[in-house]
Amino acid sequence: MTSLAKTYEPKGVEKEISKLWESAGAFRADAFSEKPAFTISMPPPNATGQLHVGHAVMLVLEDILIRWHRMNGYEALWLPGTDHAAIATENVVLQQIKEQEGITDPRSVLGRDEILKRIADYVKNSQGTIRSQVKAMGSSCDWSRERYTMDHQLNRCVNEAFLRMYKDNLIYRGPRIVNWDPHLKTNVSDDEVERKSTKSPFYTFQYGPFQIGTVRPETKFGDKYVVMHPDDKRYSKHKHGDTFECEWINGMVTATIIKDNVVDPKFGTGVMTITPWHDHVDFGIAERNGLDKEPVIDFEGKLLPIANEFAGMGIEEARPKIVEKLQKKGLLVDTDSKYTHSKSFNSRGGGAIEPQIREQWFIDVNKPAVTWKDRKISLKEILIDVVRSGNIKLVPERFNSTYFHWVENLQDWCISRQIWWGHRIPVYYNGNDTRVSLKKPEPFKGWEQDPDTLDTWFSSALWTWSTLIDPELAKDYSLSLEDVLERSPDFQKFHPTDIMETGYDILFFWVARMILMTTYMLHAVPFKTVYLHGLIRTREGKKMSKSDPKSVIDPLDSIKKFGADALRIALVSGTGPGQDLRLYPEKMESSRRFTNKIWNAGRYILMTIPDGTSITAPITVNSELAKWLLHGLNDLIKDTQSRLESHRLSDVADNLKSFFWGDFCDWYLEMDKSPNRTNENDQVLAFAFTTLIKMLHLYVPFVTEALWKEFKQPKMLAFSEWPKTLPYQFKASYERIEVIKESISQIRTLREKANIGLEIKISATLYSKANASIFKEHQNLIIRLARLKELNIKEKESDPLNKLFGTYFHETYASIDATFVDWKKEIETLQKKFKSESSFVEKSKKKLKHPGFISKAPEKIVKELKKKIIDTEKKLNAIRQQIIDFKELSN
RNA sequence: AGGCGCGUAGCUCAGUGGGAGAGCACUACCUCGACACGGUAGGGGUCGGCGGUUCAAUCCCGCCCGUGCCUACCA
C-alpha cells in the first residue's frame, strides 16, 4: 500500500526531507558522546556570494564520508563556516560602491569604519545565501557550530599566534621586495601571484661596452650595475667591482660590474643591468652583493622624478617613449617583438604585479625555533617531517613530491596586507614605543594600531582548531590559550580532525599553512589525512571560468533541473582523488534517471509487501532465488566497505548502481514476481531493499530517506546502522541461478534472432546432462521470464538428427521452433565465432607446450587454461554441428 | 626549462601480468502486475607509437608523439 507518485519529484521531496533533518536537530554532534569521534572541518567558502561547482564537489565528498562514519558508529562532526577572503571581498564591495554611488576612491571618501561596516553587511547577506546553498546539496553538517573566520574567538587565536611567533622571533618586520598590485594598492603573497604567458617586446640596448636585454626599459633609469656570470669567458677581462662610464637614458652614468651566479650565460647576451627595487631577482643580487636600491616607480604605478621628463607617466605610456629616446641616442640594438615570457598578475582580481620594496611583516620559515618531537627545528622542517613520517597522509600519494618541492623552495611568508578588511595586525605604536599584544593597550591614548591587516590564510591556517574552542571561554583573557583549549569540550573531543578534503589547487595556500600553524601552536597535526579532489571541467576538458559564463555549471541550477541527488552522483562518478572531472548535462540526466529508478523500485516494493513487514534479514532462507540475491548482496556489502576505506568513492557509486539496477531490479524483482509469493519473499524484498538504500544513502540522501520513511522505522535513515555482512553463504545456489539467468537470456536472444516478439508465446527445449535438474527445478521461472508456452528439458545431448534453431552455452543446447531466421547471417556469425574460438584453443595449446609456461606459470593458471581448452573444444564441436544444421535448415 | 597527470568503443571513464569492461550515444524489438525517465537483445576497440623485461604485456621499464596542469631566479 502506497501513495507514492509515479515519478520521483526531487523538489518537493528535498524540501520535506531537509525539514525533517533540521527539525530533528539532526547532525548536531555531541562532544560528550562515548562514541569515537570522526571530524571534518569544512573548507570555508569565501563569503563573497555564490557557491560554485567546486564547492559542490567538496560538499558531496565530505558528506559521503561523514554520513558513512555516522552510520558506522562514530560521533561525526562536520563543522561548516565561511572565510572572510580579505582581498576578494573588499574588492567586490569597493567595486560596488564605485559603480552604484559613483565614488572613485571609496576608501578616502568614506573612511575605514564606514567601509568596514559596508563590507560586514555585505558578508552577512552572502553568508545566508551560502548557507542555503550548502543545505540544498544535502550536506549533513552541524549548523549549531557554524563559524566565520572573523568571529571573536578566531580573532583571539590569530592574535595569540601572532604574539607567540613574535616572541619566538619568527615574525619580523623589514623592507623586502613584495608583489605589489598598484590597482588594488596592496601586496599579495607569492602564491597569490598568477603567471600568464604574455607577449612583450624584448629590447637589447647598448650599455657601455655591453649589450643588455630587457622587457622593462621604464625601470632602467637608475641602473648602475651590470651583472654577468663569473664563469662567462666572453667577459673574463671584466673584473667584479670594475667601473666604467657610459651614456644612458638621461646622460652619463657610472656603472659597476658585478659577477653573480644567477645570470644565465645562455640567455640573451649573458649580461644584464638590474633594478633591485622592482624585481625579485635583482633584489636578490643586490642583497647578496650589498648594492644600492633605488625606487623608480611609485605605488600608483607612475614613474618617479628620477625619470626626469617621464616622471608622473604610467608605465604603459612611458615605455615606448623611453625606447624612442634610446633609439635616437643610437643605443637601441635590437627589438624582438615576438618574445613571450610569463608575466605576474594578482590572482585575487587585481591587475599586473609591480614588485616594490616595502616595510612588511614576515614569518621566518627557516629559523629553528620550534619544538617538534623533542627537537628545535624550523617551520619548513616541520612541514616536511609530518608528511615524510606519515603523521599526515596525502591522498593521492603522488602529491607528496609536489608538496616537498614546494616546501623546499618556500620563502619567508609575507603576512601583511594593505587592505582594511581582515584581522588587523596586533601591533601598536606610540612614538618610538612598539607593543605587540592580544588586546589594545589601555589607556589607548597616544597609541596607534598598525594599519595593515593579516593575510587571509593566516587566520584560515588556524581553522581546524580555532573553530573548536569555546566562544565564551575565549572572551576571558585571564585564561591562557592552553587553558581555553583544555576546557573546550569540542576541542578535546574532535581535534585533530580526521580528513581534510579539498581541491588540490589549494594544497599550498591552505593545507600546508594549516600544517605549519597548527604544528607550531599546538604541537599537533590539524588532520590525519588529506584527500585532494580534482577540478571540475567542461565537456571539452576546459576550466569553467567566470569570464565565459556559458562554460559554468551552477550547482543550484542543476539541483533545480535534476535534483540534488542526481548532481551528487554525477559529481563523484568517473573520478578518483586528484583527478579532474568533466561535468555536463547528460551525466546529470543519467544520474537523475537512476534516482527515479530507486524511487520506482521502492514504490513497487511498498505496493507489494504488507504493512509491517520486517526489514531485518530472515534467519533461515528457503527460496533459492533469495539465496542468489542475498549472496550477491553480501558480496556488495563487503566490497562497499573495503572500497570506502580506501577512498574509492566513485567505484562504490558504480557498484551500488550496477547491483541495484541490474541484479536487484532487472533480475531479482522480475524473478520474484511469481504468482505464489510467500512471507519469506516479502521479508527478503524489504530487507534487501532497505539494505541497499542504506548504502546508497551516502550518495543520494534525499530519495533514500524519503523511501525509508515509508517503512515506518523509529530512526531516520541518516542515523540508522550501516549494513553488516550476513551470517550465511549461498555460493552453490548463486551459481545455479546464474545458469538459469543465462538460459533465459539465451532463449530471449534466439527469439530475437528468429524475429519472434515477446508477445508470442513459443516452445523451447533445453538439452543438458549437467544442468537438467537445475532447469527442472526452475522450469516455471524460465517459462515466465523467457515468455514461453512450454519448456522441454532433456537430460541428454541434443539429437544430431533433430535439426533445430538453437545455441550452445554452459554444456547446454537451447533451441526453439523457428522458421523466420536469417540463416545466412547466423551462419556467418557462427563462423566468425568458430574462428576466434579455435584460434584461442590453438594459442592456448601452444602455450601449454612451451616449457617455460609449465615451469614458471602458477599452477592455478595452468589448471584454468586446461579447463578452458576443454570447455572451448566442446563449444567448438557444438558450433561445428550448428553450422551444418543451419546450412541444412536454410535450404 | 623542470615536475606531475592523462592517452582504452563515437563520447565520458573503470580496469587487471594470464581470452578487453561500464554508462551515454547508436540499431532492432516490446504498453510483459514499479519505472517508456522503462524493458529485452544487438553492433562497435591493432588498449597513442616504437623498443625492452617476461613463459605471458593494455597493465612493468625506456624512448617518442599528442594533451592538460603545476612549479621556476623566462633579464
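Since this is a predicted model, take the numbers as computed values, not measurements. Worth knowing before you read on, the calculation uses all heavy atoms, side chains too, and leaves out hydrogens, waters and symmetry mates. Below, chain A is the first sequence line, B the second, and so on; all start at residue 1.
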Worksheet item: If the sugar-phosphate is the primed atoms plus P, OP1 and OP2 and the base is the rest, what is the B/S/- string for nucleotides 24-33 of chain B, using protein heavy atoms under 4.0 Å?
Response: ----B-S-BB
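Contact annotation: the side chain of A:Thr538 never approaches that of A:Lys543 to less than 4.5 Å [non-hydrogen atoms, C-beta and beyond]. For the pair A:Arg751/A:Ile762, a side-chain contact is recorded, criterion being any heavy-atom separation below 4.5 Å from C-beta on. By the 4.5 Å heavy-atom criterion applied to side chains, A:Met272 and A:Met228 are not counted as neighbours.
Side chain of A:Lys543, nearest nucleotide from B:rC70, B:rU12, B:rC55: B:rC70. Of the candidates B:rC35, B:rA75, B:rG18, B:rA75 carries the atom nearest the A:Val215 side chain, counting heavy atoms from C-beta on. Of all nucleotides listed (B:rA75, B:rC55, B:rC4), B:rA75 comes nearest to the side chain of A:Tyr339. Of the candidate nucleotides B:rA75, B:rC55, B:rC35, B:rC35 has the atom lying nearest to any side-chain atom of A:Arg603. Among B:rG19, B:rC13, B:rA41, the nucleotide with an atom closest to any side-chain atom of A:Arg582 is B:rC13. In the set B:rC4, B:rU71, B:rC35, B:rC35 carries the atom at the smallest distance from any side-chain atom of A:Glu670. Listed nucleotides B:rC69, B:rA41, B:rG18 differ in distance to A:Arg537; the shortest reach to its side chain belongs to B:rC69. Looking at the side chain of A:Lys587, the nearest of the listed nucleotides B:rU12, B:rC4, B:rG15 is B:rU12. For A:Phe267, the side-chain atoms get nearest to B:rA75 when compared with the rest of B:rC37, B:rA41, B:rA75. Checking B:rA75, B:rA14, B:rC35 against every side-chain atom of A:Arg648, the shortest atom distance belongs to B:rA14.
Residue A:Arg195 places no side-chain N or O under 4.0 Å from the OP1 or OP2 atom of B:rU71. Residue A:Thr608 has no polar side-chain atom (N or O) positioned under 4.0 Å from OP1 or OP2 of B:rA34. At least one side-chain nitrogen or oxygen of A:Arg748 sits closer than 4.0 Å to the OP1 or OP2 atom of B:rA41. One finds no side-chain N or O of A:Lys657 lying less than 4.0 angstrom from the OP1 or OP2 phosphate oxygen of B:rG23. For A:Gln579, no side-chain nitrogen or oxygen approaches OP1 or OP2 of B:rC13 to under 4.0 Å. Phosphate contact (OP1/OP2 of B:rG39, side-chain N/O of A:Lys597, threshold under 4.0 Å): present.
Between A:His341 and A:Tyr339, the distance separating the two ring centers is shorter than 6.0 angstrom. Taking the ring centroids of A:Phe508 and A:Tyr403, they lie at or beyond the 6.0 Å cut-off.
The base of B:rC37 sits within donor-acceptor range of the side chain of A:Arg592, with an N or O pair under 3.5 Å. A:Glu864 contributes no side-chain N or O that forms a donor-acceptor pair with the base of B:rG18 under 3.5 Å.
The P atoms of B:rC6 and B:rG45 are separated by 26 Å, rounded to the nearest whole Å. Nucleotides B:rA75 and B:rG66, compared at atom C1', are 33 Å apart to the nearest Å. Taking atom C1' on both nucleotides, B:rC65 is separated from B:rC50 by 10 Å, rounded to a whole Å. Separating the C1' atom of B:rG10 from that of B:rU27 is a span of 14 Å, rounded to the nearest Å. B:rU67 and B:rU12 have their P atoms separated by 16 Å, with the value rounded to a whole Å. Rounded to the nearest Å, the gap between the C1' atom of B:rA9 and that of B:rG42 is 15 Å. For the C1' atom pair drawn from B:rC26 and B:rC64, the interatomic distance equals 36 Å after rounding to whole Å. B:rC13 and B:rG17: their C1' atoms are spaced 23 Å apart (whole Å).
The residue A:His280 sits apart from the nucleic acid: no heavy atom pair falls under 4.0 Å.
Nucleotide B:rC70 holds its P atom 9 Å from the CG atom of A:Asp505, rounded to whole Å. The distance between atom NZ of A:Lys856 and atom P of B:rG17, rounded to the nearest whole Å, is 20 Å. Between the C1' atom of B:rC13 and the CG atom of A:Asn655 lies a distance of 14 Å, rounded to the nearest Å. Rounded to an integer number of Å, the gap from A:Ile285 CD1 to B:rC73 C1' is 8 Å. What separates CZ of A:Phe404 from P of B:rA72 is a distance of 18 Å, to the nearest Å.
With the 3.5 Å cutoff on both pairing distances, Watson-Crick and G-U pairs in RNA chain B assemble into runs of at least 3 at B:1-7 with B:65-71, B:10-13 with B:21-24, B:26-30 with B:38-42, B:48-52 with B:60-64.
When only modelled atom types and interatomic distance are considered, A:Asn681 and A:Thr678 share a side-chain donor-acceptor pair under 3.5 Å.
Put simply, the residue from A:Lys845, A:Lys867, A:Lys866 that forms a salt bridge (Lys or Arg N to Asp or Glu O under 4.0 Å) with A:Glu873 is A:Lys845. Remark: of the listed residues A:Glu670, A:Met671, A:Arg677, A:Glu670 is the sole one forming a side-chain contact (heavy atoms from CB on, under 4.5 Å) with A:Lys673. When the options A:Asp663, A:Thr704, A:Leu636 are evaluated for a side-chain contact (heavy atoms from CB on, under 4.5 Å) with A:Leu692, the one that passes is A:Leu636. Among the candidates A:Glu586, A:Arg582, A:Lys587, the single residue satisfying the side-chain contact (heavy atoms from CB on, under 4.5 Å) test with A:Arg539 is A:Glu586.
Salt-bridge formation is detected for the pair A:Arg648/A:Asp651: a Lys NZ or Arg NE/NH1/NH2 atom is positioned less than 4.0 Å from an Asp or Glu carboxylate oxygen.
Put simply, A:Phe840 rests on the base of B:rG19: the two rings are less than 5.5 Å apart at their centres and nearly parallel, under 30°.
Between A:Phe689 and A:Phe660, the ring planes are tilted. Angles from 30° to 60° get that label.
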